[in-house]
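Single-structure report; data block below.
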Protein chains: 2
Amino acid sequence: MIPVNPDRFLADLHHLRSFGAAGVGKGVIRPAYSAPDIAARKWLAEQYAGAGLEVAVDPCGSVFGLAPGKSLLVGSHSDSQPEGGWLDGALGVICGLELARAGAEAGVPISAVSFQDEEGRFGVTTGSRVWAGHSTLEEADALVDSTGVSFAEARAAMADMVTGPVDPSRFTGFLECHIEQGPWLDEAGEAAGVVSDIVGIRDMRMTFEGEQNHAGTTPMHRRRDALQAMLRFQSLIAERFRNVVTPQTVWTTGHVEVHPGSHSIVPGRCSFSMQWRDGDSDRLARMEEIIRTAADEVAAETGMILTTSAMLGLEPVPMDPTIRAALEAAAEAQLPGRWRRMQSGALHDATSLAKLMPVAMLFVPSINGISHAFAEDTDEADLVAGLKVLAEAVERLA
Amino acid sequence: MIPVNPDRFLADLHHLRSFGAAGVGKGVIRPAYSAPDIAARKWLAEQYAGAGLEVAVDPCGSVFGLAPGKSLLVGSHSDSQPEGGWLDGALGVICGLELARAGAEAGVPISAVSFQDEEGRFGVTTGSRVWAGHSTLEEADALVDSTGVSFAEARAAMADMVTGPVDPSRFTGFLECHIEQGPWLDEAGEAAGVVSDIVGIRDMRMTFEGEQNHAGTTPMHRRRDALQAMLRFQSLIAERFRNVVTPQTVWTTGHVEVHPGSHSIVPGRCSFSMQWRDGDSDRLARMEEIIRTAADEVAAETGMILTTSAMLGLEPVPMDPTIRAALEAAAEAQLPGRWRRMQSGALHDATSLAKLMPVAMLFVPSINGISHAFAEDTDEADLVAGLKVLAEAVERLA
């Protein structure tokens, strides 16, 4: 096993959370391009340099520590949600730093990376998507955050650090360690999950438009209440999904807008988000059909006009069999009987890189399944166990 | 019949809509204390004076045209919704003006009024509620509109018009003509509705609080999705109301707030309005019991914390038998077989005045039941028919 140093690893992980520390538990506030995010990336670049790696910063602000020649790339992202946990992204970044550092000591070339804007201040996994060629820098520059700041304006704050593009062909593959962000490992008392695949996602916005009217004088049978149409739609799809979904399938309406939003007015319009995720493209398509059919039926039944936005679709991404096998063998050696194969229900930078190079992921437990919240945490023994699984897997691959 | 003049009446009604004309159909934009509202009230005061009435403006900005001695009060309100119709309120005000004018000519003392802020920029029927003593001027002064302007600040814009309090004891009763704001008369091809009672209303805000979580990694069976709890609640009450409600009963959720409102986050909190109306206090109470029980059950089933706001309650208001009988006799004489007795599902200034003096209301049809919208309209023949029913009823009461 590459000689990773758990104490140094934990110390760096805790140091990273000093950038943007929320003052609530171990939480951090370190959105992409915020002052704490840039400070953290400067500190990280120094650590890479101190480990003998060549520091490179691409135009998006993703920070690389490059080993000489061809190497495996290990990392994640160090930007956080507006109210984030200390491990989401950060764990993978510090795993990359420690592996690259220990690799240099052991003569195994390992490069490390922290991608920029994974958390979506501007998009979804913006830094890794641009790097992997899913969108151009010009397209990304036009994105704006919720306050109207553009990506172009935001990344200018890091312009002095940029060294230029980083050639993806120098990497043999990408390995990302991440907290699970779900309850399965914690619930089972297991220490690691080797990711089989990252689920695909479908996301759209739907709107029922009926008739806005007086809540006192409009009899129930005469109403075209857009909220009630949305409710009917939700119960229809829940019923029809039963024969299609697996226990891993999820669907969510997280955003709802009822117009005009007055106690005394029958709502004339209801817009809502509809998102569903599954590891199987065919199942995602069957769910889409149920969703569209149910919405059409409800619109016809209730006299609504139905409009739907363009649908965002990301296909499921299988992990590379070779790296995955190395992770499984390492997990069984390090944590016999205390690991599992599992899907990732969340997107990660690995999703962006999958078309470019072999990718694989390792999960460690999230206590109570909490993530994207200050309360997010993982037992330090599990953090170290994850690091050791990675170190052994990398040695097996070398 | 008091010698009302339909042409003069219609001309004044159209003139009133020139104040704040929306430029869309016949619609008006004349919220309480806006420049067009104050201009309209100045014009109205001149018309009262021109008809030989004593003009009085109370501290809220309600404008009275006072006949000498004891008299019937006829009127409504001339402020409008932010996007209002030309008749809502205005019709009753111009009916009052024309009746007072024709009454003066015929020697029947009739006073007229336009109450202020019936449409609820600050509250509900604020002007008539303060005048009738339901709340004090000091309490009203503390109310703020949606932009943070206080009632005290807003009414200062009319301070130069104020003459002082108006003594309610000088009036023998209050008669209000209003568009139906619902579909019943128009659907039946009838010309008038004599209001039997104004329904009671219950209004509250309810909140389910579950657990905000990741929409990709949180399995369906582990979710405590506050939106889904709200949906379950809505379908439960709809089911249980069936044995309790009449075709006149209504219930509405018009305002919904889903927190944090992101496509990728299972909503942890859902706040929503719950309003119900019926002419029978016992039925309102039975509905309240169903609502509270269902909400408790859903909270227990789904692991939500349920909180409810204080409940606003206005009791049903029966119309005065004497004035109502006069209206019914007048309707039958003027419009044989083309009128009905009916409930009012909307609140009106008459609600506020009911504890103070005998009140009654006459409805005329709303084309397609539309109200609180620029498209609101009524056939001019129906407007004139309504005026004549009022004139005959007033003569019968004199």
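First the proteins, then the strands, lettered A, B, ... as listed; each starts at 1.
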Can you check side-chain contact (heavy atoms from CB on, under 4.5 Å) on Val250(B) and Arg223(A), steps first, answer last? CA-CA 10 Å; Val250(B) 292; Arg223(A) 294 185 175 199; 3.3 Å; yes

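- Heavy-atom pairs under 4.5 Å with chain B were tallied for His372(A), Gln248(A), Glu211(A), Arg222(A); the largest tally goes to Arg222(A).
- The contact between Gln275(B) and chain A is made entirely by side chain atoms (from C-beta outward), counting heavy-atom distances below 4.5 Å.
- Side chain of Thr217(B) to backbone of Gln181(A): a donor-acceptor contact under 3.5 angstrom is found.
- Heavy atoms only, all atoms of each residue included: Pro247(B) and Pro219(A) are closest at O-CB, 4.4 Å.
- For chain B, no part of Ser235(A) is nearby; none of its heavy atoms comes within less than 4.5 Å.
- Residue Gln228(B) touches chain A through its side chain alone, counting heavy-atom pairs closer than 4.5 Å.
- When heavy atoms are compared at a cutoff of 4.5 Å, Met204(B) approaches chain A solely by way of its backbone atoms N, CA, C and O.
- If you measure heavy-atom distances from Thr253(B) to chain A, the contacts under 4.5 Å come from both the backbone and the side chain.
- Among Val258(A), Thr249(A), Asn213(A), the residue with the largest count of heavy-atom pairs under 4.5 Å with chain B is Val258(A).
- Nearest approach of His263(B) to Asp203(A), heavy atoms of both residues: ND1-OD1, 2.6 Å.
- Within the 4.5 angstrom heavy-atom criterion, no atom of Asp278(B) approaches chain A.
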